[in-house]
2 protein chains.
Amino acid sequence: MRGAVMHGPGDVRIEDLDVPSVVEPTDAVIEVAAACICGSDLWPYRGLEPSDGRPMGHEYVGTVTEVGDAVKNVKVGDFVVGSFCLSDNTCEICRSGYQSRCVNGGFVQGAQAQYARIPLADGTLVVVPGGRPRDEATLASLLAASDVLGTGWFGAVAADAGPGKTIAVVGDGAVGLMAVLAAKQLGAERIVAMSRHEDRAALAREFGATDVVAERGDAGVAAVKELTGGLGAHGVVEAVGTQESMMQAIGACRPGGHVGYVGVSHDVSLPGQELFFAQVNLLGGPAPVRRFLPDLVERILKGKIDPGKVFNLVLPLDDAAEGYKAMDERRAVKVLLQP
Amino acid sequence: MRGAVMHGPGDVRIEDLDVPSVVEPTDAVIEVAAACICGSDLWPYRGLEPSDGRPMGHEYVGTVTEVGDAVKNVKVGDFVVGSFCLSDNTCEICRSGYQSRCVNGGFVQGAQAQYARIPLADGTLVVVPGGRPRDEATLASLLAASDVLGTGWFGAVAADAGPGKTIAVVGDGAVGLMAVLAAKQLGAERIVAMSRHEDRAALAREFGATDVVAERGDAGVAAVKELTGGLGAHGVVEAVGTQESMMQAIGACRPGGHVGYVGVSHDVSLPGQELFFAQVNLLGGPAPVRRFLPDLVERILKGKIDPGKVFNLVLPLDDAAEGYKAMDERRAVKVLLQP
């Protein structure tokens, strides 16, 4: 089969690989219907994480082709979407809603391929009622649920988005845009997208943003305070992962408000005293997408949300290298790969 | 009148000062019945904060002697306890429960004195039903509510203490001990006091600790995990304010758990990636004591809690310097001063 492997910074290749098969009795193998490139895939692409020979891809939808003996919840032929995090969904941490930190967990690898092995299939995968959707838009939306939608959703939940709330979103990448969509779905009254790219700001408005702030850093904080009677937003989603974006998120949040940070943290160091006196609730980390997946799948199938719009470049898997390049150069928000 | 002034590191003096009077129409003046020395007073005492000529003291109970024209909720002769933070208790931030970050707020100063001016009296002070208590134990408990109990309580609330929960407390100073008491009152099932001082550990057990862990740092984290099936505590109160204590608190908390940090942060820097993957809820800062005060006063008057036990040294105000020394040398947990 064909699959994407990162050999070093900027060096993603599609190679002939063995078709994976069940190793553990809790595994499933799926034929991937669609996969995508994640913002976090750009960290190794840019040489900021080691990558030598890493099979890439952790977002996927597909059809189950093989299951291990212990798998009960999915069967061959099921069309499934799964989280990028593996979870048994039965341990105490999973049951508390933090499947991304399952005591037996880990991360999906190698989903930018024709087939992928998914460990802990029962606790990681969700069967899509009705099977593979006929239209590509629904397929893309289900794919988005696998990570980028689920991650933005977690950010919005961690930011305590809800009726009457003003939610600011730092970052206009795919996750930030999904956080806007999530905040809207969760009932936020006002949603401030912090974006300086017109095309992304337009998409943010489509997803529910009521205001757009182009300023960053202290100026961005001041602009959000200006919009909120000097107090700051009730909640802020941080969807970048840098020092500037974290401090912008914390600064734009009112005391007692909630910052949900879902941008994978790189070279961030939070000053204790500033955090102490900011007095915001802080919650972040890899999103427990599995917690939200059944609800997200239902919203997608009912046509309530259309997160697949976040994919603005669709490529055959064989052109994955071009997809990475387009995302790296910010020509694409999010790239869908067709195996 | 007599009052404490810090002139520099290690240099606290009781001096003759003017009796304060009402300046703003929202002020009250109280005759202080009891004041105390706070752990945070030790930072300037140790030269870690500027202190030149600072009137000391922000914890107090006393009798109102004068009120401004705009004061409605307290009157001359009322016996009151107030928060160390000033709050109007009417702004949007106050109404959301974060009176410590009132938009018109600030901090009480100069309460280690015979009289003190309390700005924003209506929103800062709480009248004690029945007037000044006859016994010194109740008086001491009410004094504790002014800061140290309210702060420990906030820490326990931020750590999400409640039925079925295991709560660890980092720090065995007065605030840590009060957090143990609060966790117990809030229904925590298991309370792990992290203490290496036998006398303080004994007091922690009296306040409700079920386990005592003497180890610190990584060893302390390992010990808490050992007690909690490898997962970590559901919630951790951090009541010190150093880098080691913060990392110990975060490390001892399970994913999805809550860390309430109330030790005033000094030279702390939180590594973003470690925080991201710890995936704990983090909330801290100066405690909104005013939120809890009416409830705390009621619990004290009903004899449900006895936080005054935290004072293990009582001195006349004139001996304040000795009180600071005793706390600095850790001979006293908390010092009560009698004006």
Side-chain angles (χ1 to χ4, degrees), chain A residues 43 49 85 91-103 105 154 158 160 228-232 234 238 241-243 245-247 250 254-288 291, chain B residues 43 49 85 91-103 105 154 158 160 228-232 234 238 241-243 245-247 250 254-288 291:
Chain A
W43 294 102
E49 277 179 17
C85 288
C91 79
E92 194 170 333
I93 302 298
C94 280
R95 282 183 282 127
S96 76
Y98 286 84
Q99 290 91 339
S100 47
R101 291 298 309 280
C102 173
V103 297
F154 173 57
D160 204 29
T228 52
L231 302 178
H234 295 97
E238 189 285 332
T242 63
Q243 183 73 21
S245 62
M246 277 298 284
M247 296 318 294
I250 292 166
R254 66 180 58 192
H258 291 73
V259 173
Y261 59 104
V262 290
V264 180
S265 192
H266 284 79
D267 294 324
V268 170
S269 176
L270 301 182
Q273 199 157 23
E274 202 164 326
L275 199 60
F276 187 82
F277 289 103
Q279 203 152 20
V280 296
N281 294 271
L282 208 60
L283 173 63
R291 189 204 309 177
Chain B
W43 293 102
E49 276 179 16
C85 289
C91 78
E92 195 171 333
I93 301 298
C94 280
R95 281 182 284 126
S96 76
Y98 286 84
Q99 290 91 341
S100 46
R101 292 296 308 280
C102 172
V103 298
F154 173 58
D160 204 27
T228 53
L231 302 178
H234 295 97
E238 189 285 332
T242 64
Q243 183 73 19
S245 63
M246 278 299 282
M247 296 317 293
I250 291 165
R254 66 180 58 192
H258 291 73
V259 173
Y261 59 104
V262 289
V264 180
S265 193
H266 284 79
D267 294 323
V268 170
S269 176
L270 301 182
Q273 199 156 23
E274 202 164 326
L275 199 61
F276 187 82
F277 288 103
Q279 202 151 22
V280 296
N281 294 272
L282 209 58
L283 173 62
R291 188 205 309 179

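We name chains A, B, ... by the order of the sequence lines, and we start the count at 1 in each one.
Highest contact tally toward chain B, considering only A:Leu231, A:Val262, A:Leu270, is held by A:Leu270 [criterion: heavy-atom pairs under 4.5 Å]. Top candidate by heavy-atom pairs under 4.5 Å with chain A, chosen from B:Pro286, B:Ser269, B:Gly256, is B:Pro286. When the candidates A:Gly272, A:Gly285, A:Pro288 are compared by the number of heavy-atom contacts under 4.5 Å with chain B, A:Gly285 comes out ahead. Per-residue heavy-atom pair counts under 4.5 Å with chain B were compared for A:Gly97, A:Gly263, A:Gly229, and the maximum is reached by A:Gly263.
Inter-residue side-chain proximity for B:Ser96 and A:Arg254 is flagged as unmet; no heavy-atom pair is nearer than 4.5 Å. At a threshold of 4.5 Å between non-hydrogen side-chain atoms, the residues B:Leu275 and A:Leu282 count as touching.
Residue contact with chain B, scored on non-hydrogen atoms closer than 4.5 Å, is absent for A:Glu274. Residue A:Val259: no heavy atom, backbone or side chain, is found under 4.5 Å from chain B. When heavy atoms are compared at a cutoff of 4.5 Å, A:Phe276 approaches chain B by way of both its backbone and its side chain. Of the atoms belonging to A:Val103, it is side-chain heavy atoms, and not backbone ones, that fall under 4.5 Å from chain B.
Nearest heavy atom pair, residue B:Ser100 against residue A:Gln279, reads OG-OE1, 3.3 Å.
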